[in-house]
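Got a structure for you, written out below as C-alpha cells; questions coming shortly.
Basis for what follows: all heavy atoms, side chains included, without hydrogens, waters or symmetry-related copies. Indexing begins at 1, ligand by ligand and atom by atom, following the structure's order.
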Amino acid sequence: MTTSRRHYHITTFGCQMNKADSERMAGILEDMGFEWSEDPNQADVILYNTCTIRDNAEQKVYSYLGRQAKRKHEQPNLTLIVAGCVAQQEGEALLRRVPELDLVMGPQHANRLQDLLQQVFDGNQVVATEPIHIIEDITKPRRDSKVTAWVNVIYGCNERCTYCVVPNVRGVEQSRTPEAIRAEMEELGRQGYKEVTLLGQNIDAYGRDLPGVTPEGRHQHTLTDLLYYVHDVPGVERIRFATSHPRYFTERLIRACAELPKVCEHFHIPFQSGDNEVLKRMARGYTHEKYRRIIKTIREYMPDAAISADAIVGFPGETEEQFENTLKLVEDIGFDQLNTAAYSPRPGTPAAVWDNQLSEEVKSDRLQRLNHLVATIAAERSQRYMGRTEEVLVEDQNPKDKTQVMGRTHTNRLTFFTGDINELKGKLVKVRISEVRAFSLTGEPVELTYSPL
Ligand code: SAH
Ligand code: SF4
Ligand code: F3S
C-alpha cells in the first residue's frame, strides 16, 4: 500500500447473486479507501467475480485473467483477485494455473474481503474456499443503480440437480433473518430506492434453516411470510423475487402475490425440460403436469402475470421426442421470456460422466429451434400490451437514444418513452404503449403517478 490514490476495478460474470456480491465487495473496497476505476488497466486492485455454470462462462474468466496476469509482470504492485464460483470450484488449482494471483476467494467469503486483502498486503498469497457461516454484511454495498436494488434472502442451494455446479460452489442454504432483510430494505427506502428484488438460488427454500415451527407444523419463516413481513417498507414501491423452484412453489405464495399490491406479477420459474423422464434424470422433483398446474393457478389469480423461465436443451440422453416435449411446453405456456442454454457438462456433477452425452451439433440445433420458438411466442405475448397504459418505473436513459428513458412494467417488460432522465429517474410513470417488440415496448407518457418528494 504505497501510492496515495488507489483504484479498484471489478468485472462481474454470472447471475444476480454474483452481481449482488460484487456490489458488497465494492462497498468494502470503498470503505478501505479505494476508488472505482472504469478502466481495469488503471486499477491497482482487480477483482474478477466469476461464474462456472457452463464451460464457456469459465473459459471467459481465463482469457480476461491472462491479460491482467501479464500486466502484473510490469506492475508488481497490482493485486489480482479471483472471487466467486470459479474460485470456489478450482481453489488452489487456480494458483497453479495463474501463479500471479494474490487472492482466490469463494462466494461465501465475499463479506470477508477486507480481512483477506489485509493478509495479501501482509505479503501472503491467500486461498479462502472453506465452507463458513456467512456473516451479516456490515458495510454499505456500492450499488450500480439508484432505483432498483438486490437484497439476498437466502444463500446457497440444497438441491442436487444432476447437471448443476451451484450446490458445490455456493454451499448449503443459509437464510438471513427476516429482521435483517427488513432492516436492509428500510435503509434502501430511506435512500430513495423504489424497487427491491429478493434473491436466492432456490428462494422457495427461504426460512427452512431458521428456527421456529407453527402449531400446524409449518416452518414459521417462509418466503410467503417474508413477503407479508416486508411489503409495507416505506418508500419501496415494488418487490420482486427470484429464483423460484417448481418443486416448492405454493398456492399460498401465489395468493400473497395477488394480495400484496407491491409484489410484481412476474414469476421466474425455471422448468429446465418439458419431458418427465428427462426431469427425473435431472432430479428436479416435479413433472411437467405439476409445472403446468402452477402456471394455471398463477393465471387464475393474476390473469396478466408474466411468466419467465430457464430451460436446458441437449441434456445427456435427451431424444428428439423428449426435446419436442420441451417445445410443446413452451408453446402451451406462452412464456414472456425464456433463458435457454445447451447442456454443458460440469466438473463434479453426476450427469457430466454419463456416457450418453449428445454431440455439439445436436445441442446447438435444438438450441436454435427453441430460441426461434421463444422469440415468436414472446412477440405474441407482447401484443397484449398494445394500446394499454402501463406503469413504468424509470431506471435510466436509453443508451441507444438519449431523448428516451427506459424502465420496466410491473410484469418486467423493458419499456422506452421520450423524456428527460434527470427529471424522471426513479419515478413511476403511466405510459401508453404504442409499439411492441418481442422483448421490449415503446410508448408515450400519460401522467406522472408518483413523485418522490
Ligand atoms: N436455481 C435456479 C437456477 C440456477 S443456474 C434453478 O433451480 O432453476 C441458472 C440456469 O443455468 C439454470 O436454470 C439452468 O437452466 C442453467 N444451467 C445450470 N447448469 C447448467 C449446465 N450444466 N448446462 C447448461 N445450463 C445449465
Ligand atoms: Fe442448481 Fe438445481 Fe440448485 Fe437451481 S435448484 S441452483 S439448478 S442445484
Ligand atoms: Fe454462475 Fe455462480 Fe451464479 S456459477 S450462475 S455465478 S451461482
- Message: I need the atoms of ligand 1 closer than 4.0 Å to a non-hydrogen atom of R346, numbered in the order shown.
- Response: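 What qualifies from ligand 1 is 22 (N).
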- Is the closest basic N to carboxylate O distance between D55 and K60 below 4.0 Å?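 The answer is no: the pair does not qualify as a salt bridge.
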- Message: Between D396 and K146 (salt bridge meaning N to carboxylate O under 4.0 Å), is one present in this structure?
- Response: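 No.
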- Considering only the protein, which heavy-atom contact is closest to atom 7 (S) of ligand 2, and what is its distance?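 Ranked first by proximity to atom 7 (S) of ligand 2 is Y163 OH, 3.3 Å.
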- With the threshold set at 4.0 Å, does a side-chain nitrogen-carboxylate oxygen contact exist between D209 and R176?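 No.
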- Task: In plain terms, say whether R408 and E195 are close enough for a salt bridge, that is, a side-chain N and a carboxylate O under 4.0 Å apart.
- Result: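 No, this pair does not count.
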- Compare every heavy atom of T287 with every heavy atom of L279, then report the nearest pair and how far apart it is.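 Smallest heavy-atom distance, with atoms named: CD1-C, 3.9 Å.
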- Message: To the closest 0.5 Å, what do you measure between CZ (F323) and CZ (R366)?
- Response: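 Atom-to-atom, F323:CZ and R366:CZ are 6.5 Å apart.
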- At a 4.0 Å threshold, what atoms of ligand 3 neighbour a non-hydrogen atom of Q201?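 Those atoms are 3 (Fe), 7 (S).
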- Select the closest option to atom 21 (C) of ligand 1 among P345, A352, S344, judged by heavy-atom distance.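 Minimum heavy-atom distance to atom 21 (C) of ligand 1 goes to S344.
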- When rounded to the nearest 0.5 angstrom, what is the spacing between OG1 in T79 and CG in L101?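 The CG atom of L101 is 11.0 Å from OG1 of T79, to the nearest 0.5 Å.
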- Task: Considering only non-hydrogen protein atoms, determine which one is nearest to atom 19 (N) of ligand 1 and report residue, atom name and distance to 0.1 Å.
- Result: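 Going atom by atom, the protein heavy atom closest to atom 19 (N) of ligand 1 ends up being Y163 CD1, 3.3 Å.
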- Item | Under 4.0 Å to a heavy atom of A341 - the qualifying atoms of ligand 1, by number |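 This gives 25 (N) as the contact atoms.
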- Message: Looking only at protein heavy atoms, which one is nearest to atom 7 (O) of ligand 1, and what is the separation?
- Response: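 Nearest protein contact, heavy atoms only, for atom 7 (O) of ligand 1 is R284 NH1, 3.2 Å.
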- Quick one: nearest non-hydrogen protein atom to atom 24 (C) of ligand 1, plus distance?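 Nearest neighbour among protein heavy atoms for atom 24 (C) of ligand 1, to 0.1 Å: A342 O, 3.4 Å.
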- To the nearest 0.1 Å, how far is atom 4 (C) of ligand 1 from its closest protein heavy atom, and which atom is that?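 Checked against all protein heavy atoms, atom 4 (C) of ligand 1 sits closest to Q201 OE1, 3.2 Å.
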- Query: Can any side-chain N or O of T415 pair as donor or acceptor with the backbone N or O of R413 at less than 3.5 Å?
  - Reply: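 Side chain of T415 to backbone of R413, a donor-acceptor pair under 3.5 Å: yes, one is there.
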- Item | Shortest protein heavy-atom distance from atom 1 (Fe) of ligand 3, along with the residue and atom involved |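 Here the closest protein heavy atom is C51 SG, 2.4 Å.
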- Item | Nearest neighbour in protein (non-hydrogen) for atom 10 (C) of ligand 1 |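 Among all protein heavy atoms, the one nearest atom 10 (C) of ligand 1 is D310 OD2, 3.4 Å.
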- Task: Pull out every atom of ligand 3 sitting under 4.0 Å from any heavy atom of C15, numbered as shown with elements.
- Result: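 The list of qualifying atoms is 3 (Fe), 5 (S), 6 (S), 7 (S).
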- When you measure from atom 4 (S) of ligand 3 to every protein heavy atom, which one gives the shortest distance, and what is it?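 The answer is T52 N, 3.3 Å.
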- Message: Can you tell me if I53 contacts ligand 1 (heavy atom of the residue under 4.0 Å from the ligand)?
- Response: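 Per 4.0 Å heavy-atom rule, I53 contacts ligand 1.
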- Message: I'd like to know if D304 and R299 make a salt bridge, using a cut-off of under 4.0 Å between side-chain N and carboxylate O.
- Response: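 Salt bridge: no.
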- Is the Lys NZ or Arg CZ of R208 less than 6.0 Å from the centre of Y248's six-membered ring, within 45° of the axis?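 Relative to the ring axis of Y248, which defines the angle, R208 lies inside both limits.
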- Close approach, H268 and ligand 1, non-hydrogen under 4.0 angstrom: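 No, that is not the case, since the closest heavy atom of the residue is not under 4.0 Å from the ligand.
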- For atom 2 (Fe) of ligand 2, what is the nearest protein heavy atom, given as residue, atom name and distance?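 For atom 2 (Fe) of ligand 2, the nearest protein heavy atom is C161 SG, 2.3 Å.
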- Query: Hey, which atoms in ligand 1 end up nearer than 4.0 Å to a heavy atom of T243?
  - Reply: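 Here the atoms of ligand 1 in question are 2 (C).
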- Message: Could you report the tightest heavy-atom contact between E173 and N158, atom names first, then the distance?
- Response: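 For E173 and N158, the tightest heavy-atom pair comes out as N-OD1, 2.8 Å.
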- Message: Tell me which one of R24, R143, R142 satisfies salt bridge (Lys or Arg N to Asp or Glu O under 4.0 Å) with E30.
- Response: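 The salt bridge (Lys or Arg N to Asp or Glu O under 4.0 Å) with E30 is passed solely by R142 among R24, R143, R142.
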- Item | Numbered atoms of ligand 3 (with element) below 4.0 Å of N18, judged on heavy atoms |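 It comes down to these atoms of ligand 3: 6 (S).
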- Query: Who's closest to atom 8 (O) of ligand 1 heavy-atom-wise, of A57, A309, P270, P246?
  - Reply: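 Checking each option, the heavy atom nearest atom 8 (O) of ligand 1 is found in P270.
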- Query: Any non-hydrogen atom of M17 lying under 4.0 Å from ligand 3?
  - Reply: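 Under 4.0 Å: no for M17.
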- P167 contact mode with ligand 2 (heavy-atom cut-off under 4.0 Å):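 Just the side chain.
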- Distance under 6.0 Å and angle within 45° of the ring axis: does R97 meet both against Y62?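 Yes.
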- In the protein, which heavy atom is nearest to atom 25 (N) of ligand 1, and how far is it?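 Checking every protein heavy atom, the shortest distance to atom 25 (N) of ligand 1 gives R54 NH1, 3.1 Å.
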- Of the backbone atoms (N, CA, C, O) and the side-chain heavy atoms from C-beta on, which set of C157 has a member under 4.0 Å from an atom of ligand 2: side chain, backbone, both, or neither?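 It is the side chain that touches ligand 2; the backbone stays farther off.
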- Please say whether the positively charged group of R67, taken as NZ for Lys or CZ for Arg, lies over the ring of Y64, i.e. under 6.0 angstrom from the six-membered ring centre and within 45 degrees of the axis.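 Yes, a cation-pi geometry.
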- Query: Between R381 and D336, is there a side-chain N and carboxylate O pair less than 4.0 Å apart?
  - Reply: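 Between D336 and R381 there is a salt bridge, with a charged N closer than 4.0 Å to a carboxylate O.
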- Query: Between CG of D21 and CG of L113, what distance do you get to the nearest 0.5 Å?
  - Reply: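 Those atoms lie 11.0 Å apart.
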- Item | Approximate separation, where rounding is to 0.5 Å, of R369 CZ and T326 OG1 |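 R369 CZ to T326 OG1: 11.0 Å, rounded to 0.5 Å.
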- Nearest neighbour in protein (non-hydrogen) for atom 2 (Fe) of ligand 3: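 Of every protein heavy atom, C85 SG, 2.2 Å lies nearest to atom 2 (Fe) of ligand 3.
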- For atom 14 (C) of ligand 1, find the nearest protein heavy atom and state the residue, atom name and distance (0.1 Å precision).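 For atom 14 (C) of ligand 1, the nearest protein heavy atom is Q272 OE1, 3.5 Å.
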- Those atoms of ligand 1 less than 4.0 Å from some heavy atom in I312: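 Per the distance check, 14 (C), 15 (O), 17 (N), 25 (N), 26 (C).
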- Message: Just to be sure I read this right, does ligand 1 sit under 4.0 Å from the backbone of C157, its side chain, both, or neither, counting only heavy atoms?
- Response: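 For C157, no heavy atom sits under 4.0 Å from ligand 1.
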- Task: Answer with yes or no after comparing the ring centroid distance for H9 and W36 against a 6.0 Å cut-off, counting only values under it.
- Result: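 Under 6.0 Å, so yes.
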- Contacting atoms of ligand 2, where contact means under 4.0 angstrom from a heavy atom of H245: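 Counting atoms of ligand 2 from 1, those under 4.0 Å from H245 are 5 (S).
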- Message: For atom 4 (Fe) of ligand 2, what is the closest protein heavy atom, and at what distance to 0.1 Å?
- Response: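 So the nearest neighbour among protein heavy atoms is R284 NH1, 4.2 Å.
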- Item | atom 1 (Fe) of ligand 2 [closest protein heavy-atom partner, distance rounded to 0.1 Å] |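 The closest heavy atom on the protein side is C164 SG, 2.3 Å.
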- Query: Between N202 and ligand 2, which residue portion shows a heavy-atom distance shorter than 4.0 Å: side chain, backbone, both, or neither?
  - Reply: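 It is neither; nothing of N202 touches ligand 2.
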